[in-house]
Amino acid sequence: QVQLVETGGGSVEAGSSLKLACAVSPHMYSLVAVGWFRQATGKEREGVAAIYVGSTTDYYDDSVEGRFTITHDNAKNTVYLQMNSLKPEDTAMYYCAGTFLKPRAGTWLKTTSYSTWGQGTQVTVSS
């Protein structure tokens, strides 16, 4: 059974950077894609970024394009989300999720494309 554990959240000021990590156990090769999602208080969970485990193909929501970067290190079974130029509106619980099936075109950032979820890590950005 694949498990995902997120780390790296915290409280920072606007303009700062954070790097989240998603550790996949026992190994990442069983997954086809991993995505990062976030959920702010009172809002629905939304897709932020996703990456194809078999390559470097990645996808981003418009709200983070150019500020966030998703990468993976298959040897460490870890997917990262580098977040730069953080804004107060980035405040949310961040989750990583994995899927055993390649998402269809246009669905890489949809929660319904992912079946295995971590517990989340909180990111708070103050102005």
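Hydrophobic clustering (side-chain heavy atoms under 4.5 Å, transitive across Ile, Leu, Val, Met, Phe, Trp, Tyr) groups W117 together with W108. Residues Y59 and L81 fall into different hydrophobic clusters, defined by Ile, Leu, Val, Met, Phe, Trp and Tyr side chains chained together at heavy-atom separations under 4.5 Å. Cluster annotation: V32 is not connected to I51 through the hydrophobic network of ILVMFWY side chains, with a link wherever side-chain heavy atoms come within less than 4.5 Å. Side-chain heavy atoms closer than 4.5 Å link hydrophobic residues (I, L, V, M, F, W, Y) into clusters, and following such links, possibly through other members, connects V48 to V12. Linking ILVMFWY side-chain heavy atoms closer than 4.5 Å, directly or via other members, places L18 and Y94 in a single hydrophobic cluster.
Judged by distance alone, the side chains of D62 and Y60 never bring a donor and an acceptor atom under 3.5 Å apart. Side-chain atoms of T78 and D73 form no donor-acceptor pair, as typed in the model, at a separation below 3.5 Å.
A distance-only check finds no donor-acceptor pair linking the side chain of T57 to the backbone of Y52 [under 3.5 Å]. Not one N or O on the side chain of Y29 forms a donor-acceptor pair closer than 3.5 Å with the backbone of N77. Of the possible donor and acceptor atoms, none in the side chain of H72 sits under 3.5 Å from a partner among the backbone N and O of T56. A donor-acceptor pair is defined here as one N or O able to donate and one able to accept, closer than 3.5 Å; no such pair exists between the side chain of Q39 and the backbone of E44. The backbone N or O of V64 sits nowhere less than 3.5 Å from a side-chain atom of D61 that would complete a donor-acceptor pair. For the pair S25 (side chain) and H27 (backbone), a donor-acceptor distance under 3.5 Å is absent.
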Verdict with reasoning, R67 to K87, per side-chain contact (heavy atoms from CB on, under 4.5 Å)
CA-CA 10 Å; R67 299 189 299 123; K87 305 175 181 180; 3.8 Å; yes
Audit row: V2, M28, side-chain contact (heavy atoms from CB on, under 4.5 Å) steps and yes/no:
CA-CA 8 Å; V2 175; M28 201 150 59; over 6 Å; no
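Both cation-pi conditions hold for R45 and Y95: the charged atom is under 6.0 angstrom from the six-membered ring centre and inside a 45 degree cone around its axis.
The shortest distance between side-chain heavy atoms of V34 and Y114 does not fall below 4.5 Å. The shortest side-chain heavy-atom distance between N74 and V53 falls under the 4.5 Å cut-off. Contact annotation: the side chain of L4 approaches that of T116 to within less than 4.5 Å [non-hydrogen atoms, C-beta and beyond]. Side-chain contact check for C22 versus Y80: every heavy-atom pair is 4.5 Å or farther apart. At a threshold of 4.5 Å between non-hydrogen side-chain atoms, the residues M83 and D90 do not count as touching. Two residues are said to be in side-chain contact when any heavy atoms from C-beta on lie closer than 4.5 Å; T107 and S113 meet this criterion. Between T111 and F37, some side-chain heavy-atom pair lies under the 4.5 Å cut-off. Residues L20 and T121 have side chains in contact (heavy-atom distance under 4.5 Å, counting atoms from C-beta outward).
Under a cut-off of 6.0 angstrom, the local environment of CD in Q119 is sparse, with at most 12 non-hydrogen atoms contributed by other residues, nucleotides or ligands. More than 12 non-hydrogen atoms from other residues, nucleotides or ligands lie less than 6.0 angstrom from CD of E65.
Interatomic distance, CG of L86 versus OG1 of T91, reported as 8.5 Å (0.5 Å rounding). Rounded to the nearest 0.5 Å, atoms CD1 (I70) and CD (Q82) are 12.0 Å apart. Between the CZ atom of R38 and the CD atom of E89 there is a distance of 8.0 Å, given to the nearest 0.5 Å. Atom OG1 of T69 sits about 8.0 Å away from atom CG of D58, to the nearest 0.5 Å. In this structure, T124 OG1 and E13 CD are separated by 13.0 Å, a value rounded to the nearest 0.5 Å.
Across all non-hydrogen atoms, the minimal contact from S127 to A14 is CA-CB, 4.3 Å.
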